Amino acid sequence: MAYSEKVMDHFEHPRNVGEIENPSGVGTVGNAKCGDIMRIYLDIDDNQVIQDVKFKTFGCGAAVATSSMATELVKGKTVEEALGVTNKAVMEALDGLPPVKVHCSLLAEEAIHAALWDYAEKHNLKIEGLEKPKSDIHEDEEEEEEEY
Amino acid sequence: MAYSEKVMDHFEHPRNVGEIENPSGVGTVGNAKCGDIMRIYLDIDDNQVIQDVKFKTFGCGAAVATSSMATELVKGKTVEEALGVTNKAVMEALDGLPPVKVHCSLLAEEAIHAALWDYAEKHNLKIEGLEKPKSDIHEDEEEEEEEY
Amino acid sequence: MGKFIYLDNAATTKTDPKVVEAMLPYFTENYGNPSSVYSFAAANKEVESEQREIIAKSLGAKTNEIYFTAGGSESDNWALKATVEAYADKGNHIITTKIEHHAILHTAQYLESKGIQVTYLDVDENGLVDPEAVRAAIRPETILISVMFANNEIGTIEPIKEIGAIAKENGILFHTDAVQAYMHVPIDVEELHIDMLSASAHKFNGPKGIGFLYIRKGVKIRSFIHGGAQERKRRAGTENVPGIVGMGTAAKLAYATLDERAKYESELRDYLIDRVLKEIPYTRLNGDRVKRLPNNANFSFRFIEGESLLIMLDMKGICTSSGSACTSGSLDPSHVLLAIGLPHEIAHGSLRVSLSEETTKEDIDYLVDELKKIVARIREMSPLYED
Amino acid sequence: MGKFIYLDNAATTKTDPKVVEAMLPYFTENYGNPSSVYSFAAANKEVESEQREIIAKSLGAKTNEIYFTAGGSESDNWALKATVEAYADKGNHIITTKIEHHAILHTAQYLESKGIQVTYLDVDENGLVDPEAVRAAIRPETILISVMFANNEIGTIEPIKEIGAIAKENGILFHTDAVQAYMHVPIDVEELHIDMLSASAHKFNGPKGIGFLYIRKGVKIRSFIHGGAQERKRRAGTENVPGIVGMGTAAKLAYATLDERAKYESELRDYLIDRVLKEIPYTRLNGDRVKRLPNNANFSFRFIEGESLLIMLDMKGICTSSGSACTSGSLDPSHVLLAIGLPHEIAHGSLRVSLSEETTKEDIDYLVDELKKIVARIREMSPLYED
Ligand SMILES: Cc1ncc(COP(=O)(O)O)c(C=O)c1O
Ligand SMILES: Cc1ncc(COP(=O)(O)O)c(C=O)c1O
Ligand code: FES
Ligand code: FES
């Protein structure tokens, strides 16, 4: 596992672990392939600014680090801005992930989307560009050499 | 090649190399498998005692050593006794040969038989137990594992 | 670098410095090709057969029944692929189990793609194969039974003797992948009716890249690697003399200490198991409690994902491994843990600890103390865990 | 022990002490299994890919086109057996030559027994394959052409570029056994249109038991050794890290000196050839005078049997080998010498001298002086020689 220093740092000292009581939105997603699960809690104020965010993750080192980084990236952002925090952005902020671990960062993106969806539903809002989250993420593997 | 010391000694200092002019008998045999050739010259007196013996060999180390040892073994013996110098006896006298080299010792036995046959023919003798030599020796290989 | 405790001896072992010392002359001094005529190299042929003899003796086998390979995977591939061809006129069915190493499983799957019928036997919750299930799976066209000696993940030792007897009774070849067992438990190929056996040197303090296949005399088997006349024409390739000397030396050293080592390691293993099961809640031991490798312990911690656990242990200087293959390209949980009936998310949180004779009680105490803290911390982070 | 002159570098080479030094830490210090999660072992994964890079660069290939194997024989077996399966729907015909190493020839014969059609091309009296003969042998169902880069007995270097171009033109895979050529002559897989290439570390001062197969990206090929996910799932087995480091280090050292070494060795080789042909009667040089490996000379002495010659040279402290396989189990004369048209008894009396960069002019002089005496002595003993 060639994890970057940033990944290791976020893994060792994950930011924003925990729960929020009475959150504005909460999202839980799982990856069907590896069986890992991530849950994100959002506290959003009336100006649609994310005031607080927490996460819980049952997953590999990359899953923990991406959760941690994702929460940092969305904190203080507006809902609209938070939608722009893609898995690519998270990975870049972590100085990259090994190829087999790219799917883990999707978990973070999807968990945030799911929490935002939950927030939108609860508050009867329509957020431009946000789709109903799937509960399970499926992703195409890296292109592989044909095998025999 | 795990040749015994005796083999190496006879190889390094082969006894009785050479030819005999006007020999009582001469025999040449070859091994069809490895292509090696051995020639033995005998000088036999009127009492059927082998007075002198010489050899020439185109062959491997074992072929040279067995030729050399075989000539030593038959020298001074009667024709009848010489018939008893089998390839087994030659090998024993050499402290054995590696399994793949057993066939080389047959060359020596057959060359002596061929020379004795030549002697018998020239002198119109019938030697008990001596058969007409084949010019080429074929021998079954060591038993081998079945291969696939 | 602080603490360093290596507890992944099932993955590979440290090459014994005595083994390296024995190998060294064969790199730069006696480097000759053993097939050569001159005495400089021919001596290596004898060195080689000395190693073969050491290994043969350790198994109750004959010297000419030991064939050197490049490791356990090659031995396994050879045993399966080549017998299937050699016995094609007898039948096209082989029997193996669901918990074999991938070197057997993927080979069997490959053979299936070539039209071979394969029965993958179930195991019980401790990973044990039932000999009667082996018997029941036999068909007239069965040509080979391959059951591993001991499992590499959960350490369960299979009833090899019983299976061997059934194979023999039915005139069917019996192969065992003994990569984890050889030099960790005593093995006698006669007593256990084993026809073929795979082993790999780096699992018993020998070097990597060398192993052997024991092939009982009389077993028909084609070459797997065709070419030169090495290994009695059954395995081509310039002999890896330093590797062979390394494996022989390792076998000699390991054989001499086998009983003593097994006793020491199994006591330490039991101490570890007892502490973990007592001190960490929601934990189970995987594999049979008694019929298990002396140096193997395997736990599942609920609500825990394996890789995180490994990395945190690594940060504390402890090397272990997980049943989860998450990290090695595939993301599926271990086929072995699934075969013993663990649900996916529990199979994910498993930890294999494999000891060596160098492991101390202090090491185990340090491991358990750290493990307690780490497990608590990860559970804290887990959305599955509601305390 | 008196004189010792090693002139059998085509059989195997001395492992460079620098290579051994580079390997040593990976036995007893960094012994971790590269597939493991913890940092202790994961570092080995990087070391491995550094070696892969060194080798890729030396061939003009990409890093992920280099697959480690246990040596030249495995590489050859893999290349042939696996492509034949992967391309079965395209055809069942392969083209090779009569002078290949047994690792190719016996594999091809094995494939014939499985229903594959094999064309074994003739060579001319210097051992050269005619590219036009390759072209003529191509059929619609041809899936693979395998022609060795340089012959291991007579040293002839084949017209690889021309053959590669023909293969490419016809959309047929091209494999070359470069075990004797790699690191002795420059090779660029792009320029020469090579799709697969076999090499073995112990032929260029690396350790025994490790080699590689270059596989161009896009070539379909199944695993030869099935099992774990190593080598991008194409070659299972715990990686032989010391071996890989040894091969990489040897490649790095050899690549840096390639041109200089080739120049030095070929000058010495030419000096040897000139002296032998001039000073020993009834002698011929086997193999092409110009298109030949820098370190190879191969002679036939009429009326002389090979083994006797080798043993006598051995007694003088000189290690060489013979074209005759008399000693390695088979008694047939070399298939290569027969293929270039030598009659049996002449093929029997051949001598291969293969130099290294450590060989000196004094060594060559000593060899020739002794050779003259020995050849005379054996001829004296030969019933075929009438002076
Ligand atoms: C041309 C050629 N191919 C293949 C091989 C086989 O290589 P190895 O013995 O390393 O398996 C050799 C050397 O023995 C060779 O010279
Ligand atoms: C049970 C078992 N079989 C086969 C193998 C493969 O051995 P190697 O990696 O030495 O090829 C291993 C170890 O990796 C193993 O544990
Ligand atoms: S989240 Fe499943 S492997 Fe990383
Ligand atoms: S006589 Fe032919 S190999 Fe010995």
Side-chain angles (χ1 to χ4, degrees), chain B residues 1-3 7-19 26-41 54-68 71 97-104 107 111 114-115 136-139 141-142 144-145 147-148, chain D residues 81 102 106-107 109-114 282 300-316 319-334 337-338 342-350 373-387:
Chain B
M1 266 309 102
Y3 282 139
V7 171
M8 289 309 279
D9 176 46
H10 274 266
F11 175 72
E12 204 171 352
H13 311 288
R15 300 17 163 199
N16 306 311
V17 175
E19 300 177 27
V26 56
T28 304
V29 293
N31 182 311
K33 227 170 203 157
C34 64
D36 295 343
I37 291 167
M38 192 182 297
R39 181 176 301 154
I40 296 240
Y41 303 82
K54 296 277 184 202
F55 81 90
K56 285 210 160 188
T57 290
F58 167 81
C60 70
V64 172
T66 50
S67 317
S68 166
T71 56
L97 283 175
V100 287
K101 290 299 183 176
V102 171
H103 77 279
C104 317
L107 218 48
D136 263 347
I137 298 171
H138 249 291
E139 183 215 8
E141 276 300 281
E142 300 290 288
E144 282 208 12
E145 231 55 46
E147 260 187 273
Y148 286 82
Chain D
K81 291 176 186 171
H102 283 142
H106 289 166
T107 301
Q109 283 156 11
Y110 163 76
L111 290 174
E112 280 188 288
S113 79
K114 301 275 141 199
Y282 303 114
S300 284
F301 302 99
R302 282 185 72 178
F303 321 119
I304 294 264
E305 195 275 343
E307 200 207 49
S308 297
L309 185 59
L310 298 192
I311 299 180
M312 289 194 183
L313 285 167
D314 185 25
M315 286 169 171
K316 297 295 172 187
C319 299
T320 53
S321 69
S322 160
S324 157
C326 226
T327 49
S328 61
S330 153
L331 301 166
D332 307 325
S334 147
L337 298 179
L338 295 181
L342 296 198
H344 269 242
E345 74 278 10
I346 296 182
H348 256 284
S350 72
K373 289 186 258 175
I374 291 170
V375 166
R377 210 180 135 201
I378 299 180
R379 282 182 177 162
E380 200 51 44
M381 221 190 286
S382 173
L384 302 175
Y385 183 65
E386 316 285 346
D387 204 20

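Everything quoted here is computed from the prediction, not taken from an experiment.
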Considering only heavy atoms, which portion of D:M381 lies under 4.5 Å from any heavy atom of chain B: side chain, backbone, both, or neither?
both

Measuring heavy-atom distances to chain B, does D:I304 have an atom under 4.5 Å in its side chain, in its backbone, in both, or in neither?
backbone

Name the region of B:A62, side chain, backbone, both or neither, that has any atom closer than 4.5 Å to a heavy atom of chain D.
backbone

Has B:K56 got a side-chain atom pairing as donor or acceptor with D:R379's backbone, closer than 3.5 angstrom?
no

Can a donor-acceptor pair be found, under 3.5 Å and without considering hydrogens, that links the side chain of D:E307 to the backbone of B:G61?
yes

Determine the minimum heavy-atom distance between B:P14 and D:R377, stating which atoms define it.
CD-NH2, 3.6 Å

Criterion side chain to side chain contact (heavy atoms under 4.5 Å, CB included) on B:F11 and D:S308, from CA distance to verdict
CA-CA 8 Å; B:F11 175 72; D:S308 297; 3.8 Å; yes

Between B:T57 and D:P383, the two heavy atoms sitting closest are C-CD, 3.3 Å

Top contributor to chain D contacts, counting heavy-atom pairs under 4.5 Å, from B:G59, B:G18, B:S67:
B:G59

